[in-house]
Structures are given as C-alpha cells and as structure tokens.
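Okay, so here's the structure we're looking at.
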Amino acid sequence: MATRCFGSSAMPELPEVETTRRGIEPYLIGQTLLDVEVRETRLRWPIDIVSLNSCIGLHISHVGRRGKYLLVALSDQTHLLIHLGMSGSLRLVTKEDNWRKHDHIQWQFSNTSLRFHDPRRFGCVIHIRGTPHEHRLLKDLGPEPLDKDFHSDYLYKVSRERITSIKTMIMDARHVVGIGNIYAQEALFAAGVSPLRRAGSLSRRECELLVDALRAQLHAALAAGGSTLRDFVNGHGEPGYFQLQLNVYGRAGQACCTCKKPLLMLRQLGRSTVYCQHCQR
DNA sequence: CCCAAGACCTGGCGGC
DNA sequence: TGCCGCCAGGTCTTGG
C-alpha cells in the first residue's frame, strides 16, 4: 500500500481536517491496534504514553470530527481526540516508510500504520473516556458551519450587543467552529463586510451574506479536497484552499480583484487581516 | 460574562 | 554563506 498523506504542511483548516477524516476512515474502520510508538511526547499537552498504550488490542469503530478535532472511536467506548494544530498531518504508511523528522506517534495495525506528524507541535493527541462531547475541549463549541443550525438568524442573534469585531467573532469557536484566518478573511470579502465592523452592528442581511459566504468557501474547499483525495497519495496533496481563488489572504498591497484599489493589511488580536476598504463596508 | 493579550513552536524569509 | 530576528497561525489560558 502506498503512503497516503492526509493534512498538509500548510494550516489544516476545517475542510482539510474533514478531508483527512474521510481519507483515513476507510483504512482504519475495524482495524485492531497492534502497537503504539511515541517518539515525542511534547505536543500541546504532554502525551500520556500509558493511556495510549492501553488502547492496544482495541479496534476502531468510527472516525468522527467536531470542529477541527478528529475523534477516533475505540471498541471500549473511549476515544482518541486528535487536533492537527497549525502544522499537523496524519499519514498512512507501510513498514518500509522511514520515520521523518517531526513524526511523533505511530499506531500500528495489521496492514498499515497511522503516523502523526507535526513540526510545530501545536497539535494534540489525547485518549479520553466518557462522552466526547462532554469533554472540556468540546463541550463549549458552537455549531458546525455546514450544519443547518448555523444560519443567519443564529449569527444575528448571537452577535447582538457584541462590541468585538465581526472577524474576531466568527473565528471564536464558541460561536461557530472551524473558521480560521484564511476563510474568515475570504468570507468577509465575499460578503462585502469590513473585518473591523462591530459584530453587533451587522444587519440581518449582512449576517445572511456572511453565513452564505462562509458556507460557500467551505463547500468549495471541501469539494476540492474530496476531488483530490487520490492526489494525497505519497504526500503530494495540497490543501483544498490552494486550489481556490484567494481574493485577499496574503495579498496585502495588491490590487483588489473587484475595484483594483490596493488591499490593506491590519492586525486584529495579533493576526493579520487583509481587506478592501472600498468593497468591504 | 465579555474581551484582549499572552503563550506555545518551528520553518522560512529578509536583511546584513 | 551564515547568523539573527521576525513572522505565520489555532486555541487554550490568563488577566483586566
């Protein structure tokens, strides 16, 4: 079996996490865990080797996702909670595949092994007991942006009275999960809403435009990721958003594709934001 | 409760 | 060529 890489060297946004989930699930369902090897415990939280080893002998019943967290369900009702952070990826490898720098964990099955790779170590791997959605990292998460409970009325309602910027708000996982810096900027541009606007000042119509824009961005990236699952073989895959037209992200100083005026850059909560002062109000 | 700032980490880049 | 400093970003944690 060829090496398959899910996730990428670039930031795993929600579509990349979902593409990873879809990519690994068919290879892992029903597989029995034969061994676990941990070469680096210093991730976002230290790896609990004893707990990870206690999974040996269990089989995988499901691979789910909540926001950017992957949830690998095991046969004893416990779960592996995996986050790819900013630079993480999961690869299915064979015995012949040498360990690469920053490969931190390997789960060995009979025909394949799953390897966790994360140069910046912002990711996490936690073995959790109990209902996953009651876990402290998941219990306060907002709706999934592609589910029907994320709609313009919801965004309008939760944004009332909020003085924080709309960009900061849509990147806050308590209000809606999975919106990273790239999609936040692109969706705000597509919706014609300035990233500086107070969240509470958006009209119902603007909330509708923004929700539609976020959905469209994510759907397009997901479609791109899904259509290129095959290309992830051997690690040459690229995240979905690389195939999408990025109108503002990383284009500070360049001409707006709509009005041709130069795009501006500013910082919000330590993160860069690029936008068009003319097209976004 | 709400919001902002700090912390974590490495690869890649520009400047000298 | 090498060294240095800075930047990128998700999200938990801390502090006002």
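Numbered from 1 within each chain, the chains take letters A, B, ... in sequence-line order.
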Whole-Å distance between [N] [atom2] and [X] [atom1]?
X: A:L269; N: C:dG10; atom1: CG; atom2: P; result: 12 Å
X: A:R44; N: B:dC8; atom1: CZ; atom2: P; result: 11 Å
X: A:Y183; N: C:dT11; atom1: OH; atom2: P; result: 14 Å
X: A:I166; N: B:dC3; atom1: CD1; atom2: P; result: 11 Å
X: A:I47; N: B:dC8; atom1: CD1; atom2: C1'; result: 15 Å
X: A:D172; N: C:dC12; atom1: CG; atom2: P; result: 10 Å
X: A:L84; N: C:dT11; atom1: CG; atom2: P; result: 10 Å
X: A:I182; N: C:dA8; atom1: CD1; atom2: P; result: 13 Å

Taking the minimum atom-to-atom distance to the side chain of [X], which one of [options] wins?
X: A:R267; options: B:dG11, C:dA8, C:dG10; result: C:dA8
X: A:I163; options: B:dA4, C:dC12, B:dC3; result: B:dC3
X: A:E13; options: C:dG10, B:dG11, C:dA8; result: C:dG10
X: A:H102; options: C:dG9, B:dT10, C:dC12; result: B:dT10

Between [X] and [N], is there a contact of a side-chain N or O with OP1 or OP2 at under 4.0 Å?
X: A:S87; N: B:dG11; value: no
X: A:K101; N: B:dG11; value: yes
X: A:Y69; N: C:dC12; value: yes
X: A:Y249; N: C:dG9; value: yes
X: A:R162; N: B:dC2; value: yes
X: A:T164; N: B:dC2; value: no
X: A:H83; N: C:dT11; value: yes

Q) Using the rule for Phe, Tyr, His and the six-membered ring of Trp, do A:F122 and B:dC8 stack at under 5.5 Å and under 30°? A) yes

Has the side chain of [X] got a donor or acceptor atom sitting under 3.5 Å from an opposite partner on the base of [N]?
X: A:R120; N: C:dA8; value: yes
X: A:R271; N: C:dT11; value: yes
X: A:R121; N: B:dT10; value: no

Q: Between A:P119 and A:H175, just flag the one whose closest nucleotide in DNA chain B comes earlier from the 5' side.
A: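 The residue whose closest nucleotide sits nearer the 5' end is A:H175.
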
**Q.** Under 3.5 Å: donor-acceptor pair, side chain of A:R215, backbone of A:P145
**A.** yes

**Q.** Short side-chain to backbone donor-acceptor contact, A:R44 and A:H83, under 3.5 Å
**A.**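 It does not hold such a pair.
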
Q.
Please determine whether the number of non-hydrogen atoms from other residues, nucleotides or ligands lying under 6.0 Å from atom CZ of A:R174 exceeds 12.
A. no

Q | A:E40, CD atom: more than 12 neighbouring heavy atoms under 6.0 Å | A |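 Yes, the 6.0 Å shell around CD holds more than 12 heavy atoms from other groups.
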
Q: Give me the ring orientation class for A:F116 and A:H104: parallel if the planes are under 30° apart, tilted from 30 to 60°, perpendicular past 60°.
A: tilted

(Q) Applying a strict under-4.5 Å side-chain criterion to I, L, V, M, F, W and Y, I'd like to know whether A:F150 and A:I179 cluster together. (A)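 Result: yes, single cluster for both.
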
(Q) What contact category does A:R136 fall into here, base, sugar-phosphate, or nothing, at under 4.0 angstrom with non-hydrogen atoms? (A) sugar-phosphate

